[in-house]
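I have placed the structure first, in the form of structure tokens, so that the comments after it can refer back to it.
Predicted, not measured: the structure shown is a model, and the values here were computed from it.
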Amino acid sequence: MIVGVGIDVVDVARFEQTLERTPMLRARLFTAEESDLPINSLAARFAAKEALAKALGAPSGLHWTDVTVVRRDGGQPELVTAGTVRARAADLGVTHLHLSISHDAGIASAVVIAEG
């Protein structure tokens, strides 16, 4: 059963300008595993985190660093949750998160389906 669906789109250049203008933002949005990735990958990961928040009902109190976007051995992206994000997913009965991300032509996008 689908518990929630989220989608997000990020303008990569605008996102890069925001990170340059607010240097501390990178540490608030990304885990240590993510923070040194190229800007296209960071924008896609931010889109994934936004899409996940939407799939979980966009409650207040979620911490961006309580989710990491990783790549499986085959290249497929996966969401690894902790803390506030894991607790919200458990409260909703989410048993699996499906993620699709892409970046092309200056746009990064992500779709998350929360399954329970």
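- Note on Val111: it does not cluster hydrophobically with Val67, by side-chain heavy-atom contacts below 4.5 Å among ILVMFWY residues.
- Rounding to the nearest 0.5 Å places CZ of Arg14 at 8.5 Å from CZ of Arg21.
- Contact record, His103 with Ala44: CD2-CB, 3.9 Å, taken as the closest heavy-atom pair.
- What you find for Lys54 and Ile7 is that their closest heavy atoms are NZ-O, 3.0 Å.
- Listed here is the closest heavy atom pair of Val10 and Phe15: CG1-CB, 3.6 Å.
- Here the closest heavy-atom approach between residue Leu56 and residue Leu92 is recorded as O-CD1, 3.6 Å.
- Atoms NZ and NE2, from Lys49 and His63 in turn, are 12.5 Å apart once rounded to the nearest 0.5 Å.
- In this structure, Trp64 and Phe46 have tilted ring planes: the angle between them lies in the 30° to 60° band.
- Taking the side chain as every heavy atom from C-beta outward, Glu34 and Val69 approach each other to under 4.5 Å.
- Considering all non-hydrogen atoms of both residues, Thr31 and Thr65 come closest at CG2-O, 3.5 Å.
- The distance from the CD1 atom of Ile107 to the OG atom of Ser102 is 10.5 Å, given to the nearest 0.5 Å.
- Using a 4.5 Å heavy-atom threshold, the side chains of Arg45 and Leu29 count as separate.
- In this structure the side chain of Ile113 never reaches within 4.5 angstrom of the side chain of Leu97, judged on heavy atoms.
- Using a 4.5 Å heavy-atom cutoff, the side chains of Val85 and Leu79 are not in contact.
- Within a 6.0 Å radius of CZ in Arg72, more than 12 heavy atoms belonging to other residues, nucleotides or ligands are found.
- For the pair Ile101 and Arg71, the minimum side-chain heavy-atom distance is below 4.5 Å.
- For Asp8 against Ala47, the heavy-atom pair with the smallest separation is CB-O, 3.4 Å.
- Placement of Leu37 and Leu19 within a single hydrophobic cluster is found when ILVMFWY residues are connected by side-chain heavy-atom separations under 4.5 Å, directly or transitively.
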